[in-house]
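Structure record follows, encoded as structure tokens.
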Amino acid sequence: MADWPELVGPALAAVTEPERFSAGTLTIACAGPVALELQHLAPQLIERINAGLGRAAVERLRFRQRAPSGAPAARPAAARPAHLPPAAAAALAPRLGAIADPDLRAALERLAARVYREAERT
């Protein structure tokens, strides 16, 4: 829908993106709390979209909460640092020392710490 900004207005177009149209249902990606607002505006939105299309094609709207393309992606939550007890870290060090890629080595260390922590819980 190339005319999306004209159909819904620049404010809504900035936080929404049409994803898919099937069997009278238009799926719209939207940023977080905008979905609630769009649910209240659904009848007016359907009317505006159909008027712009020149026919009553859209019967329902479906909203998917996600950042529309072009919007900055939400940063993932910072991972809680996981530490191995000294004895476990010492046993693991020779195996991880052979791994050249520092990112892979760090990821495996975090995985080992999580596995250890989960084993402690059970």
Side-chain angles (χ1 to χ4, degrees):
M1 301 193 77
D3 300 334
W4 187 247
E6 291 80 27
L7 292 174
V8 298
L12 284 179
V15 292
T16 62
E17 179 180 6
E19 275 191 330
R20 181 177 159 196
F21 178 71
S22 176
T25 301
L26 176 62
T27 302
I28 300 172
C30 56
V34 174
L36 183 60
E37 180 181 350
L38 291 176
Q39 286 177 339
H40 294 291
L41 295 174
Q44 294 88 356
L45 224 73
I46 291 171
E47 187 178 316
R48 286 171 61 182
I49 292 168
N50 284 336
L53 295 174
R55 61 187 176 95
V58 177
E59 299 169 8
R60 290 169 299 287
L61 297 178
R62 179 174 172 257
F63 304 106
R64 288 184 14 104
Q65 290 189 7
R66 70 169 178 82
S69 61
R75 285 189 277 157
R80 186 175 58 179
H83 300 285
L84 283 171
L92 188 61
R95 293 179 177 169
L96 293 178
I99 298 173
D101 183 352
D103 292 333
L104 177 58
R105 187 172 45 252
L108 289 172
E109 288 171 352
R110 288 190 306 272
L111 175 62
R114 286 189 190 119
V115 168
Y116 183 84
R117 189 172 54 226
E118 288 298 318
E120 288 283 304
R121 289 183 189 171
T122 58

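The two atoms that bring Ala13 and Pro5 nearest to each other are CB-CA, 3.6 Å, heavy atoms only.
Using a 4.5 Å heavy-atom cutoff, the side chains of Val8 and Ile28 are not in contact.
Screening residues 37-65 for salt bridge (Lys or Arg N to Asp or Glu O under 4.0 Å) gives Glu19-Arg64 as the qualifying pairs, with residues at least two apart or on separate chains.
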Report task. Tell me, with the steps shown, if Thr16 and Phe63 meet side-chain contact (heavy atoms from CB on, under 4.5 Å). Result -> CA-CA 9 Å; Thr16 62; Phe63 304 106; over 6 Å; no
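The CG atom of Leu7 lies 9.5 Å from the CG atom of Asn50; values are rounded to the nearest 0.5 Å.
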Validation: residues 84-106 side-chain donor-acceptor distances under 3.5 Å, sequence neighbours left out:
from, atom 1, to, atom 2, distance (Å)
Asp101, OD1, Asp103, N, 3.0
Arg105, NH1, Ile99, O, 2.3

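In the hydrophobic clustering of ILVMFWY residues, with side-chain heavy atoms under 4.5 Å counting as a link, Leu12 and Leu53 come out together.
Among Thr27, Leu38, Leu41, Leu26, the one residue that satisfies the side chain to side chain contact (heavy atoms under 4.5 Å, CB included) test with Leu61 is Leu26.
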